[in-house]
Amino acid sequence: MIDVVLLIARLLFVALLYLFLFAIMRTGIGLVRGQRKKEHTWNLSVEKGPKELRGVSIAVHGPVIVGRSPGADIVIGAGFVSGRHARFQLMGQNLFVEDLGSTNGTYVNGRLITEPTALRNKDVVTIGDVAIRVRYL
C-alpha cells in the first residue's frame with residue numbers, strides 16, 4: 001500500500017515540476033516576443049539646433065553622451081560645445097542629466113545645472129544652441 005502512495009506522490013511531483021517549467025518557458029518566450037511593451041521609456045528629441053540634428057530622436061537605454069567629439073551619441077559640431085559636454089543617465093526609472101565639466105554649461109529649462117539633475121517629462125535641456133526635449137513615453 002505504501003508503495004502505491006509513494007508512486008502516486010512521485011508522479012504528482014513530476015507533473016508539478018513539468019507544469020512549473022512550462023510556465024517559466026512560456027513567460028520567457030513572451031518576454032522575447034515583446035509582451036512587455038507597456039513599459040515606459042525615456043526619449044530625447046532634438047527640437048532646436050542645426051538642420052541635420054533637428055528631429056533626431058533617441059530612446060535612452062543606457063548613458064547618452066552629448067558633445068562635439070565624434071564618439072558622442074549626439075554630436076553637436078559647434079565650437080562652444082565641449083568634446084564630452086553632458087551625459088543623460090538612467091537611474092532606476094528616473095533620467096538624470098549631468099554636465100561633464102563643460103566650459104559653457106548645460107541648462108535645464110533655462111537654469112544652469114552644477115550637479116546631476118533629475119529630469120521630468122517634457123523638460124528641455126539646452127547645450128549651446130541645441131534644445132533637447134525629454135519625454136517619458
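Every value quoted in this text rests on a predicted model; they were computed, and no experiment measured them. What's counted below: heavy atoms across the whole structure, side chains too, no hydrogens, waters or symmetry copies.
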Determine, using the 4.5 Å side-chain heavy-atom cutoff (strictly less than), whether [X] and [Y] are members of one ILVMFWY cluster.
X: Val64; Y: Ile113; value: yes
X: Leu53; Y: Val75; value: no
X: Val124; Y: Ile132; value: no
X: Val66; Y: Val108; value: yes
X: Val134; Y: Tyr136; value: yes

Taking all non-hydrogen atoms of both residues into account, name the closest pair between [X] and [Y] and its distance.
X: Ala86; Y: Val97; answer: CB-CG2, 4.4 Å
X: Leu90; Y: Val60; answer: CD1-O, 3.5 Å
X: Gly105; Y: His85; answer: O-NE2, 2.9 Å

Can a donor-acceptor pair be found, under 3.5 Å and without considering hydrogens, that links the side chain of [X] to the backbone of [Y]?
X: Trp42; Y: Asn121; value: no
X: Asp99; Y: Thr114; value: no
X: Arg68; Y: Val81; value: yes
X: Ser82; Y: Phe80; value: no

For a 4.5 angstrom cut-off between non-hydrogen side-chain atoms, does [X] reach [Y]?
X: Phe88; Y: Leu119; answer: yes
X: Val130; Y: Pro50; answer: yes
X: Leu95; Y: Leu44; answer: yes
X: Leu100; Y: Ile65; answer: yes

Item to complete: May I ask you to decide whether Glu47 forms a salt bridge with Arg135, counting only side-chain N to carboxylate O separations under 4.0 Å?
Response: yes

**Message:** Tell me if the CZ atom of Arg133 is crowded by more than 12 foreign heavy atoms within 6.0 Å.
**Reply:** yes

- Query: Is the count of non-hydrogen atoms from other residues, nucleotides or ligands lying under 6.0 Å from Arg54 atom CZ greater than 12?
  - Reply: yes

Interatomic distance, [X] atom [atom1] to [Y] atom [atom2] [nearest 0.5 angstrom]:
X: Asn104; Y: Asp129; atom1: CG; atom2: CG; answer: 11.0 Å
X: Ile76; Y: Glu52; atom1: CD1; atom2: CD; answer: 10.5 Å
X: Leu11; Y: Leu6; atom1: CG; atom2: CG; answer: 11.0 Å
X: Asn94; Y: Met91; atom1: CG; atom2: CE; answer: 9.5 Å

